[in-house]
Peer 1: 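Before I ask anything, here is the structure I am working with.
Keep in mind that this is a model prediction, so the values were computed, not measured. Every heavy atom of this structure was used, including side-chain atoms; hydrogens, water molecules and symmetry mates were not.
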Amino acid sequence: MIVIQIPVKNHVKKYLIGRYGATQKITKKTFIGLILLQILEKKVEKQETSSSTLSNYEVSVPEYYFNTKGYSVDADKLRFLGICLEKLFLDDFYLFVDHQLLKGGSAYKSIQFFFSLYGLSENDLKVESMYRNYQRYAGESIKAKKKVKQL
């Protein structure tokens with residue numbers, strides 16, 4: 001297996017490790033695998049070092065794609081994949097809070113529960129910031145959304 005390091009924010013890395021494990025094996029049957037295998041190309045480029053605010057999430061790609069097909073991944077595409085993974089994190093976060101509101105829970109406690117599921121702390125992200133982020137996503141007051149969902 002060839003290990004590729006995808007630069008992502010620290011909280012996204014913790015989420016990915018919680019959801020997929022420390023290193024994900026890439027196949028065409030997974031979201032990350034499908035995207036990564038689609039962006040592989042035959043041009044070889046030295047991988048840049050990521051900035052200090054980013055961590056690297058590792059994915060394992062079968063050697064077949066690199067040795068037999070001669071593929072590689074450039075730094076721009078790795079950054080793009082990192083952005084896609086951050087969007088996946090946010091979509092999963094919004095969906096999780098929506099489901100908790102349907103069950104009659106509070107948004108704030110749902111966010112704290114999401115943090116605990118994926119090992120996130122206040123050092124990674126602020127619960128209050130994610131609460132405001134969710135409220136912007138909801139497009140209305142969370143209390144109003146909760147009442148509508150319960151009807």
Peer 1: Do D124 and Y15 meet the criterion of a side-chain donor-acceptor pair at a distance under 3.5 Å?
Peer 2: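 Distance-only check fails for D124 and Y15.
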
Peer 1: To the nearest 0.5 Å, how far apart are CG in L90 and NE2 in H11?
Peer 2: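 Rounded to the nearest 0.5 Å, the CG-NE2 separation comes to 6.5 Å.
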
Peer 1: Test ring pair (Phe, Tyr, Trp, His ring centres under 6.0 Å) on Y134 and Y137; report intermediate values, then the result.
Peer 2: CA-CA 5 Å; Y134 178 76; Y137 158 79; 5.6 Å; yes

Peer 1: Could you give the side-chain donor-acceptor pairs of residues 110-119 under 3.5 Å, partners two or more places apart or in another chain?
Peer 2:
| residue | atom | partner | partner atom | Å |
| --- | --- | --- | --- | --- |
| S110 | OG | S106 | O | 2.7 |
| S116 | OG | F113 | O | 2.7 |

Peer 1: Quick check: closest heavy atoms across A22 and I17, and the distance to 0.1 Å?
Peer 2: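 Closest approach of A22 to I17: CA-CG1, 4.0 Å.
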
Peer 1: Kindly compute the distance separating NZ (K77) from SG (C84), expressed to the nearest 0.5 Å.
Peer 2: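 If we round to the nearest 0.5 Å, K77:NZ and C84:SG are 12.0 Å apart.
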
Peer 1: Using the test side chain to side chain contact (heavy atoms under 4.5 Å, CB included), find all partners of Y20 that sit at least two apart in sequence or belong to another chain.
Peer 2: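 Only L16, Q24, I32, Y57, L88 meet the side chain to side chain contact (heavy atoms under 4.5 Å, CB included) criterion with Y20.
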
Peer 1: If two hydrophobic side chains count as joined below 4.5 Å and joins carry through other members, does L85 share a cluster with I83?
Peer 2: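 No, it is not one cluster - the side chains of L85 and I83 are not joined through contacts under 4.5 Å.
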
Peer 1: Tell me if the NZ atom of K14 is crowded by more than 12 foreign heavy atoms within 6.0 Å.
Peer 2: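 Yes, enclosed.
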
Peer 1: Would you say that more than 12 heavy atoms from the other residues, nucleotides or ligands in this model lie under 6.0 Å from the OH of Y108, or not?
Peer 2: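 Result for OH/Y108: enclosed.
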
Peer 1: Considering all heavy atoms of both residues, which atom of S60 and which atom of V3 are nearest to each other, and what is their separation?
Peer 2: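 Result for this residue pair: OG-CG2, 4.2 Å.
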
Peer 1: Got a second to check how far Q5's CD is from T23's OG1, nearest 0.5 Å?
Peer 2: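 That separation rounds to 8.5 Å.
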
Peer 1: If you measure from CG on D92 to NZ on K87, what distance do you get to the nearest 0.5 Å?
Peer 2: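 Result: 14.5 Å between the selected atoms.
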
Peer 1: How long is the gap from CG on L120 to CG on N10, to the nearest 0.5 Å?
Peer 2: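 Interatomic distance, L120 CG to N10 CG, rounded to 0.5 Å: 10.0 Å.
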
Peer 1: Measuring from atom CD1 of I6 to atom CZ of R79, what distance do you get when rounded to the nearest 0.5 angstrom?
Peer 2: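 Those atoms lie 13.0 Å apart.
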
Peer 1: If you look at every heavy atom in L54 and P7, which pair is closest and at what distance?
Peer 2: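 Closest pair (atom of L54, atom of P7, distance): CD1-CB, 3.8 Å.
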
